Amino acid sequence: MRPSVASESDIEPDLATPAFVGREGDLARLAGALARRPAVVLIEGEAGIGKTRLVQELLATESSVGESVLMATCPPYLDSLTLGPIVDGIRQGHRTARPSAATNPLLGALRPLFPEWDSVLPRAPEPLEDASAARHRLFSALAELIAGMNTSVLVVEDAHWADEATLGFLLFLASRSTPDLSIVVTYRPEDVPAGSSLLRLASRHRPDVAQLRLALPPLDVTHTAGLVSSMLGGESVSEAFVAFLHEHTAGIPLVVEESVRLLRQREDVARRDGQWVRRTLDELSVPPTVRDLVLERAQRLDATVRRILTAMAVLAEPADERLVAETAGLPRSTVRPALAQAVRSGLLDDDARGRVMFRHVLMGRAIYESAPAAELTSMHLRAGQAMQTADPAPVMQLARHFRAADVPAWVTYVEQATDVAIASGDHGTAVALIDDALGAAELPASAQARLARRLLVVGARIEGVGDVIRRAVRSLQDVLATATLTPVEQAEIRNPLGRLLLQLRQFDAAHAQLAEAAPHLVHDPAEAGRVMTYLGYPLPGSQPAAEHLRWLNRAAEVAGKVTGPAERLALTADRAAALLTLGDQTGWAVAAELPATVEATDEAFALTRGLANVGYCATLWGRYADAERHLARASTLVDDVEYSRMRSTVAAMQLHLDWLTGRWDGLAERAAELSDVDDDGRRDRLEAVLVTALLDAVTGARDRAVTRLRELIEAQPPINIADLPPTAAAALSDLLLADGHVEDALAATAEPIETIQRKDTWIWATDVVRARVQALMASGSLQHAAELVEQFATGLAGRGAPAPQAALGTCRALLSQARDTRSRAAEAFERAAAAWDALPRPLDALLAREQQGECLVAGGRPDTAIEVLTRVCDGFATLGARAEARRVGSRLRELGVETRPRWRGGRRGYGDALSPRETEVVRLVIAGRTNREIAQALSRSPNTVATQLNSAMRKLQVSSRTALAVRAVEAGLVVDA
């Protein structure tokens with residue numbers, strides 16, 4: 001029972017703001033990291049653990065962070081607006097609502113994000129077709145704007161809610177290692193979505209960037225006591241009370257604080273004998289979650305304040321008095337005192353701009369989840385209506401509010417938000433928005449049709465979102481089945497539907513949709529040409545090569561009606577690649593139409609992609625000089641126009657070409673770098689893994705090679721069967737056959753061979769037919785092997801394809817060997833080796849000569865055989881094929897010849913030391929040469945030079961060319977050129 005009369009010393013004061021306790025060491029570490037600017041700091045911890053408080057204490061007490069801090073907070077939206085936190089932070093940073101006069105033309109890329117700065121920003125640059133390039137340009141512009149604000153620290157709070165574009169921008173800033181800018185990010189590990197790139201901020205950073213990762217634990221009992229005491233006038237707290245609080249709050253500062261506030265409001269704590277105690281320890285358990293605490297406190301407020309709290313929960317963001325009043329449906333004269341009461345209650349807080357917000361997002365969530373659905377719907381509608389007058393319109397928030405209240409308006413703002421995401425190159429966010437909208441049963445067919453047309457722009461470009469694509473496909477199929485649409489409207493739905501079906505590997509269904517759409521898209525010749533070219537690619541499915549050719553001929557007719565230079569160039573390049581992939585000789589004539597130079601950026605992108613694709617096709621045909629020439633031009637254009645996505649694509653193509661032609665020095669290191677590219681380079685990564693597996697196979701890591709090859713075949717790109725699967729399947733078959741697994745070897749090559757036979761695309765068969773023939777012969781199916789070789793010969797007739805023709809020569813030699821015509825087989829293998837040498841493909845030439853030697857041994861010519869095999873053994877060693885050299889060396893010893901392969905270079909590892917080729921590049925960097933000049937001087941592609949330069953920088957732990965030159969000279973690694 002409470003005493004009826006209290007002494008003056010027992011008067012219970014109001015609760016004070018909690019002191020900063022238990023984090024002094026973390027604060028010192030944070031300040032120390034930021035003092036070594038630039039720094040990247042990650043602060044992680046569960047909700048209410050004190051991440052924001054730690055940052056606030058730093059900004060309030062440490063001068064080392066500088067005077068200019070840019071604050072960005074990620075809102076808890078299901079789908080946040082592309083770069084919204086950064087954009088809002090910049091807007092708040094510019095107190096005058098606009099930046100100073102902007103002269104850098106790059107800032108024109110920011111127009112989609114800052115439409116209110118129309119009169120200040122430069123003219124918008126030409127749109128970029130490539131998403132990665134668009135994003136890179138946008139990121140560069142944002143970085144330029146932030147630098148112009150003299151920002152010393154960028155703080156991004158609640159990054160677990162960040163959109164991928166915001167996370168990508170943070171990675172971009174971190175990779176630039178801007179000397180005067182540090183990044184501080186707070187997040188909840190438990191709320192980070194699977195696959196989020198957030199943690200790459202911790203795992204990838206430059207050596208010149210200070211790195212700190214703070215994981216804030218709950219407070220221990222002692223620090224909990226200090227926190228509670230600070231709220232209760234600094235007086236001591238009983239051990240029993242502290243133990244009770246710590247047990248029920250787990251030491252989470254926010255929950256401790258809210259528990260104390262609730263207990264104080266309920267008058268459930270009192271001072272006795274100079275310390276604070278709980279009146280009883282069994283009357284009321286402290287609620288286990290903040291939700292219970294918040295709802296308990298909210299019920300003690302009057303109805304108007306509770307209505308205000310619900311309105312704030314609906315808004316879910318800082319809001320001014322006007323917006324709160326309109327959302328709640330109350331006059332401002334009523335709202336003003338209610339807001340003041342809510343702030344006094346500790347549920348809401350206000351900022352320097354007069355806006356209010358929940359003190360913690362969990363508070364708002366608790367209020368929202370407890371509110372009646374009808375009340376929430378009406379408030380969402382009023383919030384959306386109130387926000388419609390804002391300039392610029394907050395389209396993501398508008399979409400969120402109208403989704404709950406007004407479907408037509410919701411669709412309008414979904415489309416606008418999607419347009420913003422597309423303009424920023426953030427196709428993932430666009431797909432997520434459309435996925436949500438198409439999944440709404442109440443969405444009218446006309447709206448679904450409009451959203452489906454947007455999938456034409458973004459849907460087929462996204463990899464790794466299979467569930468989203470499947471849902472979109474079902475929605476589009478439902479539209480086609482139930483809505484009354486014109487043939488043109490149907491075509492505009494069938495077009496993205498067909499492309500999405502390609503992503504799901506439903507090739508026949510995709511072909512059917514695209515074929516149905518193509519004739520009804522002629523009002524848009526460029527789009528019709530693109531669809532017809534898609535239909536011309538020999539994708540998996542039941543369509544023969546003749547049908548693909550018919551579509552390519554129709555694409556050529558339509559292309560003549562296209563007026564846009566970039567679109568016309570892209571169609572020409574794509575048609576050339578499709579024809580060459582089909583093995584049609586006319587593709588070279590179409591490729592010759594590609595211009596030598598272009599002026600416009602969009603044309604440069606189209607030409608770069610076209611040159612790369614033709615270069616790849618030249619590799620497929622075995623025209624390696626042509627491949628080198630096209631890839632070199634593509635690499636130069638990549639650097640000129642900063643086509644970031646194509647940079648790794650060209651590098652991967654060059655990597656494969658270097659493997660084939662025996663240029664293996666540094667190949668493993670380059671492959672390792674490309675294996676670690678981002679998701680946009682998934683196909684490039686697989687190409688790099690393939691080369692790594694092939695290197696493993698010839699250097700003795702056979703088990704690792706088998707594992708990698710199996711994984712590659714399982715992970716093959718769904719619309720790219722012209723490259724990885726046949727090559728990977730052939731290499732896997734060879735390894736399995738060498739281990740005696742004949743049936744497994746046959747199984748590995750079965751699907752690629754069946755596709756080649758059905759499509760009549762023998763241009764792909766260079767590696768896989770030879771592997772199939774050897775497996776068939778090992779199984780005793782010589783007749784089937786002979787029939788396959790004849791099919792191969794017929795399929796290559798009239799095609800000037802040196803690589804498949806050389807493979808055909810090897811296959812015929814294998815048949816002669818199996819038929820016991822040893823002298824003829826030896827001659828056939830010699831001719832095949834010569835054909836491989838002419839390409840050049842040294843590994844295949846050596847393998848053919850190894851077989852020639854075995855035929856000579858079997859034919860009774862051991863001396864000649866030993867001479868041939870000795871040259872082969874040395875050749876393998878020189879190339880770097882150690883496993884092959886050991887095998888031939890063992891065979892020579894069986895023939896009575898003691899030999900030790902002479903190592904003449906080839907594949908080797910240099911650890912942290914510079915390789916000879918890297919040393920050459922560094923020497924020319926010291927001389928002041930550009931990458932292009934170095935490439936010309938060393939007869940290498942610019943992409944190869946860039947890879948070797950990056951490798952040298954990594955080994956010497958520097959981030960610039962100047963630092964590299966200084967470090968190399970100081971270390972005596974190269975002489976000053």
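Values in this document were obtained by computation on a predicted structure and should not be read as measured data.
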Minimum heavy-atom separation for [X] to [Y], with atom names?
X    : Y    : result
V531 : L514 : CG1-O, 3.6 Å
L631 : A612 : CD2-O, 4.0 Å
A591 : A576 : N-CB, 3.7 Å
T572 : V590 : O-CG1, 3.6 Å
G498 : Q513 : CA-CB, 3.9 Å
P525 : V558 : O-CG1, 3.1 Å

Any donor-acceptor pair under 3.5 Å linking the side chain of [X] with the backbone of [Y]?
X    : Y    : result
R772 : L746 : yes
H630 : L611 : no
R799 : G583 : yes
Q585 : G800 : yes
N495 : A517 : no
R758 : G541 : yes
T581 : A577 : yes
S475 : R471 : yes
Q490 : L485 : yes

| task | Step by step, work out the side-chain contact (heavy atoms from CB on, under 4.5 Å) result for Q654 and L657. | result | CA-CA 5 Å; Q654 186 68 52; L657 179 60; 4.0 Å; yes
Side chains of [X] and [Y] in contact at under 4.5 Å (non-hydrogen atoms):
X    : Y    : answer
L788 : Q757 : yes
P408 : F402 : no
W762 : V769 : yes
L582 : K759 : no
P544 : D760 : no
L808 : T766 : no
Q506 : V473 : no
E492 : L521 : yes

Let me confirm one number: the [atom1]-[atom2] distance from [X] to [Y], rounded to the nearest 0.5 Å.
X    : Y    : atom1 : atom2 : value
R708 : L694 : CZ    : CG    : 11.0 Å
L736 : R710 : CG    : CZ    : 5.5 Å
W551 : T533 : CH2   : OG1   : 11.0 Å
D744 : L732 : CG    : CG    : 8.5 Å
Y413 : T418 : OH    : OG1   : 14.0 Å
R770 : S733 : CZ    : OG    : 7.5 Å

| request: With side-chain contact (heavy atoms from CB on, under 4.5 Å) as the test, would you mind laying out the steps for L690 and W659 before giving the verdict? | output: CA-CA 10 Å; L690 171 64; W659 155 260; over 6 Å; no
| Partner residues of R530 under the salt bridge (charged side-chain N to carboxylate O under 4.0 Å, His left out) criterion, sequence neighbours left out | E527
| message | Which residue in the set T586, L552, L580, N553 passes side-chain contact (heavy atoms from CB on, under 4.5 Å) when paired with R575? | response | L552
| message | Which label fits W588 and W621: parallel for a plane angle under 30°, tilted from 30 to 60°, or perpendicular past 60°? | response | perpendicular
Under 3.5 Å, side-chain donor or acceptor atoms of residues 559-569 against the rest of the protein: list the pairs with distances, not counting sequence neighbours.
unit_1: R568; atom_1: NH1; unit_2: V562; atom_2: O; d: 3.0
unit_1: R568; atom_1: NH1; unit_2: T563; atom_2: O; d: 3.2

| field | S197 and E164 side chains, donor-acceptor separation under 3.5 Å | value | yes
| said: Could you go through W410 and D406, starting from their C-alpha distance and side-chain angles, then the distance that decides it, and tell me whether this counts as side-chain contact (heavy atoms from CB on, under 4.5 Å)? | reply: CA-CA 6 Å; W410 168 47; D406 186 338; over 6 Å; no
| request: Could you please spell out the steps behind the side-chain contact (heavy atoms from CB on, under 4.5 Å) verdict for V479 and L497? | output: CA-CA 11 Å; V479 171; L497 174 58; over 6 Å; no
